[in-house]
Amino acid sequence: METESEPYVRLASLRQLHQVMADMNTARSLADTLQSVADGVVGALGYEMAAVNLVRQDGDLVVAAFSGNSAAESLITGRVGSRDSWDRRLNMGEQWGDLVFIPHTEGWVLDDDDVPQWYTDGPAPRFEDEWHPSDRLFAPMYTPGVQGGSSGELLGVISVDRPRNGRRPGAWGREALQMYAFQAAIAISNARLRANMQRALVRLERDQQALRASEESFRQAFEYAPSGMAIAEMGGDQHGRILRTNDALCRLLGRPASAMRRYSFSDLVHPEDIGTLLRTSAEGGRAELRLGRRDGSYVWVSLRNSVVADAADGPRFLLTHVEDIEERKRRELQLAHRASHDSLTGLPNSAELRSRLSARLCRRQAQPGVLESLDAAYGGHPAFDAPTGHGFDFTQGGEAFEGFDHHVHTIAPEDGRDDGTKGLAVLFCDLDGFKSINDRFGHNAGDAVLIEVARRLSGGVRDGDTVARLGGDEFVILADGLGKADAQDLAVRLRNEIIQPIRAEGRAVRVGASFGIGWAHCGMTADEVLKSADERMYVEKRSRPKQHRRAG
């Protein structure tokens, strides 16, 4: 600002100051704004040099713009002064409103600190208000709307040096610099806001591009996945309804995508696997079950669920991965069948027989005092049999109550009379004359006889009865719900089936059969039951003349 007597200020000077502020507020970037601030101090306020020190994120101040002296600009631009040193400056000297003036008589203590500064030599002042080369004048810039000291957030500090008129600024000069610092703070805040908005827009556009790329990647991964994929609703009235399927799942189930949208997985699952599906947790759950194809058949699949949120607070969907495990399940079932069945006849083997028999027998007794307490609590219930502790569903969380076997108590008809009691009959069958067929015609003929006997035994029992090959030429039949007469009739019928001629190696052969009937009841082991039936079979075999043991 030109030298002139205060308070007389030329209108041209005010127009110049107004134009500088307009330029400062219309700068396109933060860097342009800072340089406009420095240039405005020199061009409109009448100082030979000005520096804009900007507060960084770490709190220190950097010389972000300089004007008035190219040598000084190259020396100190970009240099940093610590916040502590700046706070020391702003808290000493004379307070001219929001300005801080440190006369040369006090400022010498700041000569060696870390704040970037420029020194100019000159003579000592000749009169009281003459500017000394070591005088310092600072105009702090605070957040807009907050003026008047340390209560506002410091944005930066304008440093000025050497007024052109050689005098310390008067009331008008001080007011002009203070007003300019206030407008500069607004311009800097606006520039920062614009910069932040631009960065936010760039980030948003980048995020949107990444989202579009991610959505496209997901769409392609979903559509072209080699295994089945489905998206279903989660929550609400339509929970579980299938919204979208890929081609692999449609091909697996033989159903078009339009038809799949009418179902949920609970509509497609095999009735026996509904419980498995319901026990599967929706979030991250897994299950192996059977899904129905369009032709009415079922395929074994592995379901794996993941929850996908559509937006931050938007609806959630269930992403289900469906893997075809039909071949693996078939192999597993084959392996399980081979482990539990006789390879020659296909009947359950000895291990499977004992397993099925043991499942019907209980060995554990109620712990002392348990029956008495339960009798007191449930003695009037028709399903509770206090003497045995069986017949009542004592379950907690799906597990049998401690001290009881959770199954129907097995009893047996009494020996010596048929009192109408029904029980689990165990028929032990031993072939008569089988060894001679092996010896005379070879093992192939013997195998053919065993296969045919197994077929005849299986055809002569009811659905649900077990026919097992114990080993060699020994077979066992488990037939539940029979009385003594029923079991004897069954043994006769099976013997009559077995003694019919059998084609083996191109010739007709005959074998006989001896049956021993044992009864399973709780308190026995599977081996004890089989031993009992085996002993009865030998009693029956010895009771018949040798020539009558095999017909033909």
**Asked** When you measure from the side chain of N246 to the backbone N and O of S227, does any donor-acceptor pair fall under 3.5 Å?
**Response** yes
**Message:** Tell me if a side-chain donor or acceptor on S355 pairs with a main-chain N or O of A351 at a distance below 3.5 Å.
**Reply:** no
**Request:** Could you grab the distance from atom OG of S302 to atom CD of E323, nearest 0.5 Å is fine?
**Result:** 5.5 Å
**Request:** Mind listing the closest non-hydrogen atom pair of A425 and L482 along with its distance?
**Result:** CB-CD1, 4.2 Å
**Complete:** Shortest non-hydrogen pair, G446 vs F434, comes out as O-CE1, 3.3 Å
**Message:** Could you check whether D432 and S514, counting side-chain N and O atoms only, form a donor-acceptor pair closer than 3.5 Å?
**Reply:** yes
**Request:** For the pair R293 (side chain) and L252 (backbone), establish whether a donor and an acceptor sit closer than 3.5 Å, ignoring hydrogens and angles.
**Result:** yes
**Message:** Can you give me the closest heavy-atom contact between A448 and A504, atom names plus distance?
**Reply:** CB-CB, 4.1 Å
**Item:** Side-chain (D247) to main-chain (E223) donor-acceptor, under 3.5 angstrom
**Value:** no
**Asked** Of the non-hydrogen atoms in A248 and A225, which two are nearest, and what is the gap between them?
**Response** CB-O, 3.5 Å
**Message:** Applying side-chain contact (heavy atoms from CB on, under 4.5 Å) to R192 and L54, what does each step give before you reach the verdict?
**Reply:** CA-CA 12 Å; R192 279 183 166 177; L54 191 67; 3.6 Å; yes
**Message:** Determine whether R338 and L335 satisfy the following criterion, side-chain contact (heavy atoms from CB on, under 4.5 Å), listing intermediate values before the conclusion.
**Reply:** CA-CA 5 Å; R338 291 173 185 171; L335 290 174; 4.2 Å; yes
**Request:** Report yes or no: do T320 and N305 form a side-chain donor-acceptor pair below 3.5 Å?
**Result:** yes
**Request:** Could you walk me through whether D473 and V449 pass side-chain contact (heavy atoms from CB on, under 4.5 Å), step by step?
**Result:** CA-CA 10 Å; D473 60 350; V449 169; over 6 Å; no
**Message:** Distance check, rounded to the nearest 0.5 Å: L319 atom CG versus R304 atom CZ?
**Reply:** 9.0 Å
**Prompt:** Is any side-chain heavy atom of L357 closer than 4.5 Å to a side-chain heavy atom of L424?
**Reply:** yes
**Carboxylate-amine/guanidinium proximity below 4.0 Å for R503 and E452** = no
**Request:** From the options E205, R212, R206, select the one residue that forms a side chain to side chain donor-acceptor pair (under 3.5 Å) with Q209.
**Result:** E205
**Message:** Is any side-chain heavy atom of L478 closer than 4.5 Å to one of R360?
**Reply:** no
**Request:** Give a yes-or-no answer on whether the side chains of S82 and D84 include a donor-acceptor pair shorter than 3.5 Å.
**Result:** no
**Prompt:** Which heavy atom of L361 sits nearest a heavy atom of M524, and at what distance?
**Reply:** CD1-O, 3.4 Å
**Message:** For a salt bridge (charged side-chain N to carboxylate O under 4.0 Å, His left out) check, start with the C-alpha distance between D58 and R56, then their side-chain angles and the critical distance, and finish with the verdict.
**Reply:** CA-CA 5 Å; D58 61 4; R56 304 190 308 180; 2.6 Å; yes
**Request:** Give a yes or no on whether the backbone of L211 and the side-chain of S214 come within a donor-acceptor separation of less than 3.5 Å.
**Result:** no
**Item:** Criterion side-chain contact (heavy atoms from CB on, under 4.5 Å) on L353 and L530, from CA distance to verdict
**Value:** CA-CA 10 Å; L353 170 67; L530 293 174; 4.0 Å; yes
**Asked** So, do F265 and L289 sit near enough that their side-chain heavy atoms are less than 4.5 Å apart?
**Response** no
**Item:** Test applied, salt bridge (charged side-chain N to carboxylate O under 4.0 Å, His left out); reference residue, D486; option that passes from R462, K422, R493
**Value:** K422
**Message:** Can you confirm whether R440 sits close enough to V509 that some side-chain heavy atom of one is under 4.5 Å from a side-chain heavy atom of the other?
**Reply:** no
**Asked** Considering only heavy atoms from C-beta outward, does the side chain of I498 approach that of C429 to under 4.5 Å?
**Response** yes
**Asked** Going by heavy atoms in the side chains, are F475 and R469 under 4.5 Å from each other?
**Response** yes
**Prompt:** Where the side chain of D60 meets the backbone of R83, is there a donor-acceptor pair that is under 3.5 Å apart?
**Reply:** yes
**Message:** Looking at Y224, I want to see if its OH is surrounded by more than 12 non-hydrogen atoms of other residues, nucleotides or ligands under 6.0 Å.
**Reply:** no
**Message:** Distance to the ring centre below 6.0 angstrom and angle to the axis at most 45 degrees; does that hold for R255 and Y263?
**Reply:** yes
**Asked** If you round to the nearest 0.5 Å, how far is CG of D273 from CG of L268?
**Response** 12.5 Å
**Exam field: side chain R510 to backbone I499, donor-acceptor pair closer than 3.5 Å** = yes
**Message:** Given 3.5 Å as the limit, does a donor-acceptor pair link the side chain of S458 with the main chain of A454, or not?
**Reply:** yes
**Item:** E497 and R455: CA distance, side-chain angles, deciding distance, salt bridge (charged side-chain N to carboxylate O under 4.0 Å, His left out) verdict
**Value:** CA-CA 10 Å; E497 286 290 330; R455 188 190 68 80; over 6 Å; no
**Item:** Student check: side-chain heavy atoms of L470 and F428 closer than 4.5 Å
**Value:** yes
**Message:** Closer than 4.0 angstrom, basic N to acidic O: yes or no for E326 and R330?
**Reply:** yes
**Prompt:** When rounded to the nearest 0.5 angstrom, what distance separates CZ in R328 from CG in L333?
**Reply:** 10.5 Å
**Request:** To the nearest 0.5 Å, tell me how far R356 CZ sits from S340 OG.
**Result:** 7.5 Å
**Request:** Considering only NZ, NE, NH1 and NH2 on the basic side and carboxylate oxygens on the acidic side, decide whether K531 and E528 come within less than 4.0 Å.
**Result:** no
**Message:** Please tell me whether D267 and S264 have a donor and an acceptor in their side chains that are separated by less than 3.5 angstrom.
**Reply:** yes
**Side chain proximity check, E288 to K329, heavy atoms < 4.5 angstrom** = yes
**Complete:** Heavy-atom closest pair (C250 atom, P256 atom, distance to 0.1 Å) is SG-C, 4.0 Å
**Prompt:** What distance separates R203 CZ from Q208 CD, expressed to the nearest 0.5 Å?
**Reply:** 13.0 Å
